[in-house]
Q: 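Please find one structure pasted underneath; my questions will follow.
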Amino acid sequence: MKIKNFLLFSILLSFVLVACINAAIIFFMYNTLEKVNINALLLFSGILFILLSIILNSGINNYINYRIDKIYNQVNSLKKRRISRINVNADEFDFLARDILKYSYKKKREISKLNYRENYRRDFLGNVAHELKTPLFTVQGYLLTLIEGAAENREIREKYLKRANLAIERLSEIVSDLDLITKLETNGLKLKMDTFNILKVIQKVFDLLEMQAKKKNIKLTLDKFYDIPEFVLADETKMEQVLINLVMNSIKYGKVGGTTIVSVDYEDEDKLIVKVTDNGEGVAEADVPRLFERFYRVDKSRSRDQGGSGLGLAIVKHIIEAHEQTIDVTSTVGQGSTFYFTLEKA
Ligand SMILES: Nc1ncnc2c1ncn2[C@@H]1O[C@H](COP(=O)(O)OP(=O)(O)OP(=O)(O)O)[C@@H](O)[C@H]1O
Ligand SMILES: [Mg+2]
């Protein structure tokens, strides 16, 4: 049963109390009762009943208000709302229960967010250490071999020094990627917005990566002949970086003799959509949502052979988001992938 109002409870209690007092009076004064004015007794009972009802009701209200206030004060981020000081009823308890439930949900969410961050931080540190270890140990290995006597032989000396140098280059690449990504995350990215022809940038990236593509006999092309320029408003250097990363990936994870096709279409009135499509190894559905995470690689051993640290797409996503644009991917294992992002039309 839901007691809607504590007034009812006070009235009932007063009634019981008055009845008890009357019963006591009748019991103890039975012999002299005839002498007692029955009307006076009724009047006395009536007044007592009203007084008791008022006192009990206000006492209960004050007590409950006091308790509710205390709960709200103790749970300091719980905002007190809608509790009427005049008349407490069951609704107030509903509000309180609801507020506490909301509060506990909020806290649960905060805790799971903190747990997620903690795991992320642990993974991140582990990944950084792992990434740095490989080239570092390579350099150390070559240097030790040289110290132990291999330096005497000129040919070996040159070969080992060159290899050590490559590993150092790899180390500095990782560190500068990490540096860039940390800067992006802490200060946000400062963009130098400009109007330029995106087709020109695509062609520049093709020229830049031509040698790498040739090694795997991969053809880099546009999807069609564009007879007019496609002007966009963006940071040109950063867009070049985005395209280098995407086209480089399409070569790294593309198949020998494959193709990389870049297209530029109209997304809507204010936006263009740039797509980079390859017919390479593709990515399994389960891995797709994680591709843009820092250090995430589908095939850890293969990607490392290719010299990847899994930071490329994380950087790409940062750059695109700094432009308030979006990037996404569709992919099928064995058939290839399409990475596509939007750009503001100029
Ligand atoms: N075009 C693609 N086809 C198939 N898999 C891809 C493609 N692009 C990216 N991937 C997968 O996504 C992972 C993450 O890519 P990302 O560019 O972030 O890192 P990376 O290429 O391994 O290293 P980095 O770019 O830092 O040198 C890759 O390791 C690869 O497994
Ligand atoms: Mg990459």
Side-chain angles (χ1 to χ4, degrees), residues 120 123-124 126-135 138 166-185 202 205-206 208-209 211-213 215-221 223 238-263 274-322 327-341:
Y120 194 84
D123 282 358
F124 181 69
N127 282 329
V128 171
H130 187 92
E131 286 311 317
L132 297 180
K133 253 189 322 203
T134 319
T138 312
L166 275 182
I168 295 273
E169 271 172 16
R170 176 85 201 109
L171 261 180
S172 84
E173 252 172 45
I174 296 174
V175 172
S176 62
D177 271 0
L178 273 172
D179 190 41
L180 177 68
I181 214 160
T182 313
K183 272 191 198 130
L184 296 184
E185 281 178 8
I202 295 170
V205 172
F206 281 173
L208 209 71
L209 299 178
M211 287 303 284
Q212 268 103 327
K215 278 185 203 155
K216 280 181 86 172
N217 195 19
I218 287 175
K219 210 173 135 207
L220 308 176
T221 68
D223 65 320
K238 297 279 182 313
M239 273 311 137
E240 195 181 310
Q241 200 179 352
V242 165
L243 282 160
I244 289 176
N245 266 302
L246 294 180
V247 176
M248 190 65 213
N249 277 352
S250 79
I251 298 170
K252 271 180 13 184
Y253 311 106
K255 65 170 183 208
V256 176
T259 39
T260 295
I261 301 169
V262 179
S263 67
V274 180
K275 293 183 184 163
V276 180
T277 305
D278 64 64
N279 53 1
E281 64 191 53
V283 181
E285 217 180 309
D287 292 308
V288 168
R290 305 198 56 188
L291 289 184
F292 296 98
E293 281 176 22
R294 290 185 290 189
F295 292 116
Y296 193 78
R297 283 171 308 205
V298 176
D299 181 346
K300 315 270 184 259
S301 54
R302 259 204 77 185
S303 300
R304 196 163 297 122
D305 292 345
Q306 317 254 21
S309 54
L311 288 171
L313 287 177
I315 293 173
V316 163
K317 193 172 164 105
H318 265 297
I319 295 175
I320 298 293
E321 283 177 354
I327 179 158
D328 213 337
V329 57
T330 55
S331 191
T332 315
V333 176
Q335 288 186 22
S337 324
T338 299
F339 286 82
Y340 51 95
F341 61 93

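For ligands, and for the atoms within them, numbers begin at 1 and follow the listed sequence.
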Q: How close do Gly282 and Ser337 get, heavy atom to heavy atom, and via which atoms?
A: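 Smallest interatomic distance, heavy atoms only, reads CA-OG, 3.6 Å.
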Q: Near Tyr296, which atoms of ligand 1 are under 4.0 Å from a heavy atom of that residue?
A: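 The list of qualifying atoms is 13 (C), 14 (C).
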Q: Between Ala314 and ligand 1, does any nitrogen or oxygen pair lie at a separation below 3.5 Å?
A: no
Q: Taking only non-hydrogen atoms of Phe292, do any sit less than 4.0 angstrom from ligand 1?
A: no
Q: Hey, is Val283 touching ligand 1 through its side chain, its backbone, both or neither, going by heavy atoms under 4.0 Å?
A: side chain
Q: N/O to N/O below 3.5 Å, does that happen between Phe339 and ligand 1?
A: no
Q: Applying a heavy-atom cut-off of 4.0 Å, say which part of Asp278 lies close to ligand 1: side chain, backbone, both or neither.
A: side chain
Q: Would you check if the Mg ion (ligand 2) lies under 2.8 Å from any N, O or S atom of Met248?
A: no
Q: If the contact criterion is a heavy-atom separation under 4.0 Å, does Gly280 count as touching ligand 1?
A: no
Q: Quick one: closest heavy-atom pair of Ile244 and Leu209, and the distance?
A: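 In this case the closest contact between Ile244 and Leu209 is O-CD1, 3.9 Å.
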Q: Where on Met248 is there a heavy atom closer than 4.0 Å to ligand 1, on the side chain, on the backbone, on both, or on neither?
A: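 None of Met248 does.
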Q: To check you understand the geometry: which heavy-atom pair defines the closest contact between Thr182 and Leu178, and what is its length?
A: OG1-O, 2.6 Å
Q: Looking at every non-hydrogen atom in both residues, tell me the closest pair between Arg290 and Ala286 and how far apart they are.
A: CG-O, 4.5 Å
Q: To the nearest 0.5 Å, what is the distance between CD on Gln241 and CE on Met248?
A: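 One gets 14.0 Å once the value is rounded to the nearest 0.5 Å.
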Q: From Gln212 CD over to Ile251 CD1, what is the distance, rounded to the nearest 0.5 angstrom?
A: 6.0 Å
Q: For Thr260 and Ser250, work out which heavy atoms get closest and say how close.
A: OG1-OG, 2.8 Å
Q: Phe339 vs Phe292 aromatic rings, parallel, tilted or perpendicular, using cut-offs 30° and 60°?
A: perpendicular
Q: If every non-hydrogen atom of Thr259 is compared with every non-hydrogen atom of Asn279, which pair is closest and at what distance?
A: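 For Thr259 versus Asn279, the nearest heavy atoms are N-OD1, 3.0 Å.
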Q: Using heavy-atom distances, let me know which of Glu173, Lys252, Lys317 sits nearest atom 27 (O) of ligand 1.
A: Lys252
Q: Pull out every atom of ligand 1 sitting under 4.0 Å from any heavy atom of Ser337, numbered as shown with elements.
A: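 Taking each heavy atom of Ser337 in turn, ligand 1 has 2 (C), 3 (N), 4 (C) under 4.0 Å.
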Q: What are the atoms of ligand 1, with element, lying closer than 4.0 Å to any heavy atom of Leu291?
A: 11 (C), 12 (O)
Q: Where the closest heavy atom to atom 16 (P) of ligand 1 is concerned, which of Leu313, Val316, Val247 has it?
A: Leu313
Q: When only distance counts, is Tyr253 in polar contact with ligand 1, meaning an N/O pair under 3.5 Å?
A: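 Between Tyr253 and ligand 1, an N or O pair is found under 3.5 Å apart.
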